[in-house]
Asker: 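Shown below is the structure under consideration.
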Amino acid sequence: MTVSAVLVIVMAVLFACGVYAMLERSLTRVLIGFLLLGNAANLLLLIVMGQPGTGAFFEEGVDPETYSDPLPQALTLTAIVITFAVSAFLLALIYRSWQLGQADTVEDDAEDVALRGRGAETDEALDVEITEEDDDATTDFLDAASIPITVLGNRDFSGIRDDAPTDRPAPRDSSDDQTEGGER
């Protein structure tokens, strides 16, 4: 099986251009990059399929080796559907972004910028707050008053039935210890 080097080069260029376009802040370029990646994936599946063959229908006297593999064809159809769905979603995002801000560029959030600008001294100050007792604790709930879940039983509330099956073995009955003849 020989694959055309042109197909491999075109596929690699499509993947590279798609990744490069998706790294931009413009949602339109992200959409174009995603479409390029989808086409590159379809081309990859076309390359993987190998030599074209006859349809996968049973005919008398036809060698089964000449049939084309239907799996890459099914994967290509699936890739086309996924690319279409994500492209429609991205188009809806672009349209809504344009309606709200008259631009399709993703801007940095103010809280994200402030969080990114937080210095190392703030991180060290946060680390100092942890005491040895807190560091050794396995949970945040150190006493019974701070536990958010209270397990109730029939002693706590008369309407609760405690007859649910458990993982613990039932206590053995003394009649089960004897064999059929009454001997041990």
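For the single chain, residues carry numbers from 1 onward in sequence order. Since the model is a prediction, treat every value here as computed from it, not as a measurement.
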Asker: Rounded to the nearest 0.5 Å, how far apart are CD1 of Ile47 and OG of Ser4?
Answerer: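 Here the interatomic distance stands at 8.0 Å.
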Asker: If you link I, L, V, M, F, W and Y whenever their side-chain heavy atoms are under 4.5 Å apart, who else ends up in the same group as Val13?
Answerer: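 In the cluster with Val13 are Ile9.
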Asker: Which other residues end up in the same hydrophobic cluster as Leu71, if Ile, Leu, Val, Met, Phe, Trp and Tyr are linked when side-chain heavy atoms come under 4.5 Å apart?
Answerer: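 Once heavy-atom contacts under 4.5 Å are chained together, Leu71 belongs with Leu45, Leu75.
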Asker: Please answer: with hydrophobic residues joined when any side-chain heavy atoms are less than 4.5 Å apart, are Leu27 and Met22 in the same cluster?
Answerer: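 In one cluster with Leu27: Met22, yes.
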Asker: In chain order, what residues pass the side-chain hydrogen bond (donor to acceptor under 3.5 Å, both in side chains) check against Tyr95, with sequence neighbours excluded?
Answerer: Gln99
Asker: Which salt bridge (charged side-chain N to carboxylate O under 4.0 Å, His left out) pairs, counting each pair once, include a residue from residues 41-51, with sequence neighbours left out?
Answerer: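 Pairs touching residues 41-51 that pass the test: none.
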Asker: Are Ile82 and Phe84 co-members of a hydrophobic cluster defined by side-chain heavy atoms under 4.5 Å apart?
Answerer: no
Asker: So if you build clusters from Ile, Leu, Val, Met, Phe, Trp, Tyr with side-chain heavy-atom gaps below 4.5 Å, do Phe89 and Leu100 land together?
Answerer: no
Asker: Pairs in or reaching into residues 73-88: which pass salt bridge (charged side-chain N to carboxylate O under 4.0 Å, His left out), with residues at least two apart or in two chains?
Answerer: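 Passing the test, one end in residues 73-88: no pairs.
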Asker: Run the side-chain hydrogen bond (donor to acceptor under 3.5 Å, both in side chains) test against Arg25 and tell me which residues pass, sequence neighbours left out.
Answerer: Asp108
Asker: Who passes side-chain contact (heavy atoms from CB on, under 4.5 Å) against Leu31, sequence neighbours left out?
Answerer: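 For Leu31, the residues satisfying side-chain contact (heavy atoms from CB on, under 4.5 Å) (neighbours in sequence not counted) are Leu35, Ser87, Leu90, Leu91, Ile94.
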Asker: Mind listing the closest non-hydrogen atom pair of Ala21 and Gly33 along with its distance?
Answerer: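 Closest pair (atom of Ala21, atom of Gly33, distance): CB-CA, 3.6 Å.
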Asker: Identify the residue among Leu36, Val19, Leu37 that makes a side chain to side chain contact (heavy atoms under 4.5 Å, CB included) with Leu14.
Answerer: Leu36
Asker: Among pairs that include at least one residue of residues 27-40, which meet side-chain hydrogen bond (donor to acceptor under 3.5 Å, both in side chains), considering only residues two or more places apart or in two chains?
Answerer: Thr28-Asp104
Asker: Restricting to side-chain contact (heavy atoms from CB on, under 4.5 Å), what partner residues turn up for Leu46, sequence neighbours left out?
Answerer: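 Only Leu43, Met49 meet the side-chain contact (heavy atoms from CB on, under 4.5 Å) criterion with Leu46.
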Asker: Who passes side-chain hydrogen bond (donor to acceptor under 3.5 Å, both in side chains) against Ser97, sequence neighbours left out?
Answerer: none
Asker: Once side-chain hydrogen bond (donor to acceptor under 3.5 Å, both in side chains) is applied, do any residues pair with Thr78, and if so which ones, sequence neighbours excluded?
Answerer: none
